[in-house]
Q: 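Below is a structure I'd like to ask you about.
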Number of protein chains: 2
Amino acid sequence: MINPPYGTATHRQIAAVLRDEIHTGRLRPGDRLPSETTLQQQYGVARLTARRAVDVLRAEGLADYQRGRGVVVREQPERAELVPPAGATVTSRMPTPEERDDLETPEGVPVISVVAMDGTIGTYPADRWELRWPG
Amino acid sequence: MINPPYGTATHRQIAAVLRDEIHTGRLRPGDRLPSETTLQQQYGVARLTARRAVDVLRAEGLADYQRGRGVVVREQPERAELVPPAGATVTSRMPTPEERDDLETPEGVPVISVVAMDGTIGTYPADRWELRWPG
DNA sequence: CGAGATTTGTGCGTATGTATT
DNA sequence: AAATACATACGCACAAATCTC
């Protein structure tokens with residue numbers, strides 16, 4: 001198990017295991033993932049490999065690093081309803097680091113960008129907002 | 001320049017320089033970024049550090065790795081208009097690796113998730129679709 | 001309060017494999 | 001065939017934040 005190169009990279013295999021534990025609910029929001037050291041021993045890999053596995057989950061918005069504490073399964077906040085102005089164009093993309101700072105969003109969370117017809121731009125963290133299509 | 005630890009990490013500083021070159025247009029879509037080896041020499045850092053800098057840009061959806069070729073500034077495809085069914089709930093999030101495979105989206109691109117009132121779920125790469133709010 | 005253990009953050013070096021040019 | 005460039009993996013070290021005692 002977790003047999004090195006090719007096919008699927010070791011760190012992706014480990015990431016898949018952890019992801020599954022999150023999706024099945026064995027690991028719940030707020031729970032800590034195994035530490036990098038633990039994963040290292042558990043799978044017999046280098047720390048960097050263990051870390052990269054966790055990196056994958058962070059990029060997916062499933063987990064957060066907390067230096068000194070560990071890695072925790074992300075809480076999914078309630079989404080409020082976002083109502084754009086009539087005729088606005090709505091897109092989604094990853095934020096710049098500055099935007100992440102401003103909006104206080106963790107990594108792995110896209111932003112919803114709303115461009116009104118007068119050119120006004122609104123930017124909303126996608127983990128806290130949703131749209132309800134009219135009709 | 002690029003003075004080691006703390007304040008801002010070296011790889012983030014390098015990422016900031018590259019990001020700026022993309023945003024100012026010095027590097028344009030389709031252009032190749034400096035190779036990891038070049039960055040390594042240019043900034044006097046380890047290859048891993050250079051790579052991490054580029055990783056940051058990829059996570060933001062600004063660049064793509066192409067093994068054997070280099071790292072290129074991502075082309076921004078045209079966005080088609082997505083029209084959800086009436087009453088649908090629209091959210092955005094990062095895709096799982098499986099979804100990325102299915103949808104053939106590069107890293108750093110969110111998906112738009114459309115949940116219709118009957119429970120049907122549609123998933124659309126956010127770099128190829130946009131919404132026009134009615135009214 | 002402080003000292004130590006734990007855990008992540010960042011950085012260095014090295015090696016080998018695979019894809020493209 | 002060879003050079004270039006990314007992909008993955010190993011190792012080590014020290015700093016900073018947090019937790020525990």
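Lettering of chains follows the sequences in order, A, B, ..., and the numbering in each one begins at 1. The figures that follow rest on heavy atoms only: side chains count, while hydrogens, waters and symmetry mates do not.
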Q: Restricting to pairs with a member in residues 123-135 of chain B, which pass side-chain hydrogen bond (donor to acceptor under 3.5 Å, both in side chains), not counting sequence neighbours?
A: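 side-chain hydrogen bond (donor to acceptor under 3.5 Å, both in side chains) check on residues 123-135 of chain B returns A/Thr89-B/Arg132.
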Q: How many whole angstroms separate atom OH of B/Tyr43 from atom P of C/dC12?
A: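 Computing the B/Tyr43:OH to C/dC12:P distance gives 14 Å.
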Q: What residue pairs, at least two apart or across chains, pass ring pair (Phe, Tyr, Trp, His ring centres under 6.0 Å) with a residue in residues 72-117 of chain A?
A: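 Qualifying pairs: none.
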Q: Taking 4.0 Å as the cut-off, does a side-chain nitrogen or oxygen of B/Arg69 come that near to OP1 or OP2 on D/dC6?
A: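 Answer is no, no contact under 4.0 Å.
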Q: Keeping to residues at least two apart or across chains, list the salt bridge (charged side-chain N to carboxylate O under 4.0 Å, His left out) pairs with something in residues 89-99 of chain B.
A: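 Pairs touching residues 89-99 of chain B that pass the test: B/Arg93-B/Glu99.
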Q: Between D/dC6, D/dC10, D/dA15, spot the one nearest the side chain of A/Arg67, thanks.
A: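 Among D/dC6, D/dC10, D/dA15, the one nearest the side chain of A/Arg67 is D/dA15.
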Q: For B/Arg28, give me all partners under side chain to side chain donor-acceptor pair (under 3.5 Å), at least two apart in sequence or on another chain.
A: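 B/Arg28 satisfies side chain to side chain donor-acceptor pair (under 3.5 Å) with no other residue.
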Q: Once you round it to whole Å, what is the distance between P of C/dT7 and CG of A/Asp64?
A: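 Atom-to-atom, A/Asp64 to C/dT7, this comes out as 18 Å.
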Q: When you measure from the side-chain N and O atoms of B/Arg47 to the phosphate of D/dC6, is any distance below 4.0 Å, counting only OP1 and OP2?
A: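 False: B/Arg47 side-chain N/O out of range (4.0 Å or more) of D/dC6 OP1/OP2.
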Q: Between A/Arg52 and D/dA9, is there a side-chain N or O to OP1/OP2 distance below 4.0 Å?
A: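 Indeed not, no polar side-chain atom of A/Arg52 lies that close.
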Q: Starting at atom CD1 of B/Ile14, determine the distance to atom P of C/dC12, rounded to an integer number of angstrom.
A: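 Spelled out: CD1 on B/Ile14 to P on C/dC12 is 8 Å.
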Q: Hey, can you pull the donor-acceptor pairs under 3.5 Å for the side chains in residues 44-57 of chain B, sequence neighbours left out?
A:
from	atom 1	to	atom 2	distance (Å)
B/Arg47	NE	B/Glu36	OE1	2.7
B/Arg47	NH2	B/Glu36	OE1	2.7
B/Arg51	NH1	B/Glu36	OE2	2.4
B/Asp55	OD1	B/Arg58	NH2	3.3
B/Asp55	OD1	B/Tyr65	OH	2.9

Q: C/dG13 P sits how many Å from B/Arg51 CZ, rounded?
A: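 Rounded to whole Å, this separation is 17 Å.
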Q: Taking side chain to side chain donor-acceptor pair (under 3.5 Å) as the test, write out the residues that go with B/Arg100, two or more places apart.
A: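 Partners of B/Arg100 under the side chain to side chain donor-acceptor pair (under 3.5 Å) test: none.
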Q: Quickly work out the B/Leu48 CG to C/dG11 P distance and round it to whole Å.
A: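 That distance rounds to 9 Å.
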Q: Can you give each donor-acceptor pair under 3.5 Å made by side-chain atoms of residues 68-80 of chain B, sequence neighbours left out, with the distance rounded to 0.1 Å?
A:
from	atom 1	to	atom 2	distance (Å)
B/Arg69	NE	B/Gln66	OE1	3.0
B/Arg74	NE	B/Asp64	OD2	3.0
B/Arg74	NH1	B/Gly61	O	3.3
B/Arg74	NH1	B/Glu107	O	3.1
B/Arg74	NH2	B/Ala63	O	3.3
B/Arg74	NH2	B/Asp64	OD1	2.8
B/Arg74	NH2	B/Glu107	O	2.7
B/Arg79	NE	B/Ala126	O	3.0
B/Arg79	NH2	B/Ala126	O	3.2

Q: Restricting both atoms to N or O, compile the protein contacts to nucleotides 1-3 of chain C shorter than 3.5 Å, with distance only.
A:
none

Q: List every contact pair, protein side and nucleotides 1-4 of chain D side both N or O, where the distance is under 3.5 Å.
A:
none

Q: Would you mind reading off the distance between B/Gln13 atom CD and C/dG9 atom P, rounded to a whole angstrom?
A: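 Going from B/Gln13 (CD) to C/dG9 (P), I get 18 Å.
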Q: Rounded to the Å, how far apart are B/Glu36 CD and D/dC6 C1'?
A: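 Going from CD in B/Glu36 over to C1' in D/dC6 covers 6 Å.
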Q: Determine whether a donor-acceptor pair (N or O, by modelled atom type, separation under 3.5 Å) exists between the side chain of B/Ser92 and the backbone of B/Val111.
A: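 Present.
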Q: In chain order, what residues pass the side chain to side chain donor-acceptor pair (under 3.5 Å) check against A/Ser35, with sequence neighbours excluded?
A: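 Once residues adjacent in sequence are excluded, the partners of A/Ser35 under the side chain to side chain donor-acceptor pair (under 3.5 Å) criterion are A/Thr38.
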Q: Tell me which nucleotide among D/dA9, C/dG9, D/dC6 gets nearest to the side chain of B/Tyr65.
A: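 The nucleotide sitting nearest to the side chain is D/dC6.
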Q: Considering residues, nucleotides and ligands other than B/Glu81, do more than 12 of their heavy atoms fall under 6.0 Å from its CD?
A: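 For B/Glu81, atom CD is crowded (more than 12 foreign heavy atoms under 6.0 Å).
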Q: Whole-Å distance between D/dA16 P and A/Gln66 CD?
A: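 The distance from CD of A/Gln66 to P of D/dA16 comes to 20 Å, rounded to the nearest Å.
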Q: Going by the rule side chain to side chain donor-acceptor pair (under 3.5 Å), which residues pair with A/Thr120 if we only count those two or more places apart in sequence or in a different chain?
A: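 For A/Thr120, the residues satisfying side chain to side chain donor-acceptor pair (under 3.5 Å) (neighbours in sequence not counted) are A/Asp118.
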Q: Just the dot-bracket of DNA chain D, please: which string comes out with Watson-Crick or G-U pairs under 3.5 Å, [ ] for crossing, | for another strand?
A: .||||||||||||||||||||
Q: Looking at B/Asp20, B/Leu62, B/Ile22, which one forms a side-chain contact (heavy atoms from CB on, under 4.5 Å) with B/Leu27?
A: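 That would be B/Ile22; it is the only one of B/Asp20, B/Leu62, B/Ile22 passing the side-chain contact (heavy atoms from CB on, under 4.5 Å) with B/Leu27.
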Q: Would one find a side-chain N or O of B/Thr10 under 4.0 angstrom from OP1 or OP2 of C/dG11?
A: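 Indeed, a polar side-chain atom of B/Thr10 lies that close.
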